[in-house]
Structure formats: structure tokens, C-alpha cells
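Numbered from 1 within each chain, the chains take letters A, B, ... in sequence-line order.
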Protein chains: 2
Amino acid sequence: MATSGRADDTRPAARAGEAEGGAGDTAPGPLDSVLRPVRAGNGFEEALEQVLQLLRLGLVPPGERLPSERELSQHLRISRVTLREVLKVLQDQNMVESRRGRYGGTFVLPRTAAPDGDGELRRRIAAVDVEDTLRFREVLEAGAAGLCAEGLTAEGEGRLRGALDATRGARLEDYRRQDTLLHLTLAELSGSRTLAAQYAAVRATLNELLDGIPLLVRNLEHSQQQHAAVVEAVLDRDPDAAREMMREHCGGTAALLRGFLA
Amino acid sequence: MATSGRADDTRPAARAGEAEGGAGDTAPGPLDSVLRPVRAGNGFEEALEQVLQLLRLGLVPPGERLPSERELSQHLRISRVTLREVLKVLQDQNMVESRRGRYGGTFVLPRTAAPDGDGELRRRIAAVDVEDTLRFREVLEAGAAGLCAEGLTAEGEGRLRGALDATRGARLEDYRRQDTLLHLTLAELSGSRTLAAQYAAVRATLNELLDGIPLLVRNLEHSQQQHAAVVEAVLDRDPDAAREMMREHCGGTAALLRGFLA
DNA sequence: AAGCAATGGTTCTCTGTCATACCTTATGCC
DNA sequence: GGCATAAGGTATGACAGAGAACCATTGCTT
């Protein structure tokens, strides 16, 4: 029994992209904003994505140790077994290395110079909605800069200055990391945890895109001037200026990326 | 065996909130932006949250039918069994009603006048970081308005006008819904799917908060003027004005909420 | 040298979820 | 009236993942 009788359920349902036709009452568009998959992958994939974020953002620089498996799995709310599968993948990719014993742990390895045979990179980029990323990024950055300028504490002031200084002293191969850290600091000082978290996600995507294009010293210097201007505006408690400068700064990166990926 | 011997794993780890102490090298803050739970709940809870969004946003108004169980489960990427558990909860809460047979389905019931014994409401609000919500909302709204003003298509123009008109004709009990729809339209026209999705989420939270305070006609009229001003700025392709007006508009709601929830 | 503590490595069981198939009910159309 | 259809309702087998307990390795402390 249970042969090819009436396969009742689980039909393709024409196309799974659009919920309603044009029924005239319930709008077809808005539903898609909410009715998106509850989970982006098998849970293991999602954890992998987050640990990758950690590396792409440079929050744990090469040579440093990740939090222990027990800590990480608790933070990510996945079992240690699943987390270890994630780490296994990263080990196979030569991105991290695990050492046992006390004071052991999982350590970040320096980036091996892009072994991807060109095809892999383009495939990753194709999977990203570049326009979405750039626009969303600009919105978050400008908003964060504005919020910072409105309610910056003395402690925040210190952190911001520190982050800016760090970008100045950074060597070329460390610049992207310090740049990321500066922007991440701004996002955190915005006073919205959600904003910070979302920025972290979009920035990880952005860094992945940026890895595909050359880092020009000229752009870097320009970028650095803009950083200074943004921070200055924030320290002056001038939200409008901060937002405006940040938008300009983001526009630069966006133009660069659009140019290279066109 | 397996008694109270050495309970090796699964220790409380002092406190699960902060990853690193003040180790001096790896910053303690930024890690938290990324190391957040992979899944907010047991997957069933997350689905429940999304269906609740659907209702709170008024995307499916009272009396209307939700997408069929098969469709919904496919969109949310959960099994029909799990989805039915979600719907079961909503049925028990008298929020939806299921009817069998062809042209049956799950229908949204009109809101039963807040049966919560006051305690429930406060508990829900306490679970929300109000400041986070308000700030993040303002950032997204202002950003969306700006992006809209920059690249509005003819079709978008029509949708925007339509949404604004709908708010004008709305009766008092339907106003919140039309208001939400207008803002959601703006978010979608921003050209960033991520922005739209995030706005939907934050707006659902906001609506939940707004349900706790009275709807004053005076505020409503003021709100309506601001809506018109924002839309006008967008139609004039004036991003700065659009952003500025939207920020003002959001500021009004924020002040109202802060006042009532103080 | 011995012991302790923190880490990665392994194995087990049990629950939640998925996929699939099938049943039941109501409606419109012929 | 009968049938096709679309919806909700139900049952079951397989599997991924969580949780807990354990083992193995290392380096610091005594």
C-alpha cells in the first residue's frame, strides 16, 4: 500500500514566491515582509553563518582565541555537538585551529590568500542582493551616527575616540578590521541593541563584498578623513552633520562597490 | 551510577551575559552584537511570533482569511503540524477561528476588548526594550523615507498616494491599521527588502505598545498632517525634507509612548 | 612530582519537528 | 443529486538536535 495513489498534500502550489494573486483586498506585497522563513537553514547553517560573521568582522583577530565551545554554544543556544560541527567546517577550511588542554581553545588562523578559483567569489557575490545591502547599510549607519550625536555619554566619547585612533595607526592589512570596529562602536553607542545587531550582520556581508575588490590607498585616505569628520560631528553633538557626513562616507563605498561589481 | 558525581559540563559559567571580562585585547561589547541566539525559541515560538506579527500589523484584517495552512507552512518553512500548533494557540486565545470545507480556512476574529487583567499588559511591555524599539524605528523610518524620495518609480508613486488616501478615509478603529500600512508601503518602496522586513518586525512591536495607550483624536489629526507632509516631500523627490519630516513624525509617537509608559 | 582546572573530544538518550499520507467536511458546479 | 475541489483534521515513521555525562589532554600551581 501507500503507492502512487492520491498524493494529496505537498503540492508545489504553483509558485511559492507570491502569497496572494491580486485579490484586490489583501495586498500582495506586504505579506512577503512578514511571511519569510522562520529559519534560514538547518540551524547548523545559521550557527555557521554567525561564527563566520565573528571572523569576517574581525571581532576575533587572527591568532586570538574564540570563546570556549561551551560558552559559544550557550550564547548561540545550540548544543555543543552542533557547534562542534560548525567548528569542524572552519577547521577544514583552515580558518581556525583547535588545541586541547587548559589554555587551549579554538584559535583564528591568518587568512590564507583567497584560494578560491575566481568562480567561488562571484558565486558568493551573486547570492547577495548588493543594492539591498548598500541601502540598508547607509540607513543604519546614518541613523546610528545621528543617535550617537544626540545622546553620547562621557564613556562613549572615550570609546569613540579610541576606535578612531586605532584606525589611524592601523597597518594596511589591519585597516578593514579597525574600520569595521569603528563603525561597530558607533552602532553600539546608538543606544539600540537591535540596530547594533543588524549593523553587525549587514557589515559582515559588506566585508565579504569588499574582500572582492582591491584596497586602494587613495580611497583609504579619503575614508579616513570622512571618519574624522563623522566623529567630530558626533563629538560636537551635531546630529544633522553626523548623519550627513556618514551618508557621504557610505556613498563613497557604495559607488566603489557598484563600480567594481557592475 | 550517573549520580551526583562530577557534574562536568553545563555549568552556569558565572554569568552568561558577558563574554569576556576586560581582557584588554578583545573588546567585550562588540561580541554580544553577533553572539546572539541563533533561534529565538523552539521554532514553534518563532513561527507564532511571525503569525502574531501578521495580525498585529493588520496585514490580514478582522474577518479576512489567512493563507491556507499548507501555504503558510511553506512560506514559514515549518511543517504543517507545527503550524497547526501555532494556530491552535491563537484559536484558544480567540484571535482566529478555523472553518472546514472548501472556502473554509482560518479567519481573523475582531479584537476582543483586552481581556488582560492589567498585569498581562505590563508584563508584555516590560519584556520589550522600549527605547531600543523607538530608536530603531526612527532610524528605519527616516532612512526609508529618504530612500523613497531618491528613487521613486511611477508605480511606487501610485501605491504611496493610495496608501495615504486610505488613511484619510479610515474610521477610528481602523486607523492604526491604515497607518501601519502606509508606513509599511514606504518601507517597501525603499528598495531594500531587509529594511522592509526589519520595519515590519519593529512595527509589530510598536503596535503592541500602542495598544496599551489611548488613541486621541487630536494626536491622530496631527499625525495625519505629518503623513501628508512626508508623502509630499517624497513625491517632490526631496530626501532631506522627507527624512526630517519623518523624524519629526516618529518623535511625536515616541514622546507619547514615553509619556504613557514612564 | 602531584594535583587541579579548563579546555577539546566522544557517546548516549530523548524530545521536537518534518515529511507524507490519509480522512473529513463544506461548497460550487454540472 | 452527485461529483470535484479546497480547505481543515489526524496519524506515523524517520531524523536532526538538545542535554547530559563522560573521557583525554594540557599547563599552571603547589
Could you check whether B:Leu87 gets within reach of a base, just the sugar-phosphate, or nothing at all, counting any heavy atom under 4.0 Å? nothing
Rounding to an integer number of Å, can you tell me how far A:Leu83 CG sits from D:dA18 C1'? 13 Å
Does a nitrogen or oxygen in the side chain of B:Arg80 sit under 4.0 Å from OP1 or OP2 of C:dT20? no
In whole Å, what is the span from the NZ atom of A:Lys88 to the C1' atom of C:dT10? 14 Å
Using whole Å, report how far CD of B:Glu85 lies from C1' of D:dA11. 14 Å
Should B:Thr82 be listed as having a side-chain N or O under 4.0 Å from OP1 or OP2 of C:dG16? no
So do the side chains of A:Met95 and A:Leu52 get within less than 4.5 Å of each other, counting heavy atoms only? yes
Any residue of residues 98-109 of chain B with a heavy atom less than 4.0 Å from an atom of DNA chain C: B:Arg100, B:Gly101, B:Arg102, B:Tyr103
For the pair made of CD1 in A:Ile78 and P in D:dG17, what is the distance, rounded to whole Å? 10 Å
Considering residues at least two apart in sequence or located in another chain, which fulfil the side chain to side chain donor-acceptor pair (under 3.5 Å) criterion with A:Glu173? A:Arg171
C:dG8 phosphate, OP1 or OP2: any side-chain N/O from A:Arg84 under 4.0 angstrom? no
Whole angstrom value for the distance that separates P of D:dT5 from CZ of B:Arg70: 15 Å
Can you measure from CG (B:Leu140) to OG1 (A:Thr194) and round to the nearest 0.5 angstrom? 9.5 Å
Taking A:Arg159 for the side chain and A:Thr185 for the main chain, is one N or O donor matched with an acceptor at less than 3.5 Å? no
Listed by chain and number, what are the side chain to side chain donor-acceptor pair (under 3.5 Å) partners of B:Glu97, not counting sequence neighbours? B:Arg99
Starting from C1' on C:dC18, measure out to CZ on B:Phe44 and report it in whole angstrom. 16 Å
In whole angstroms, how far is the P atom of C:dA5 from the CD atom of A:Glu71? 18 Å
Between atom CD in A:Glu97 and atom P in C:dT7, what is the gap in whole Å? 17 Å
Please name the residue in the list B:His183, B:Arg177, B:Arg176 that meets the side chain to side chain donor-acceptor pair (under 3.5 Å) test with B:Asp179. B:His183
So which nucleotide from D:dA11, C:dG9, D:dG9 ends up closest to the side chain of B:Gln91? D:dG9
Taking side chain as C-beta onward, heavy atoms only, is B:Thr153 less than 4.5 Å from B:Leu189? no
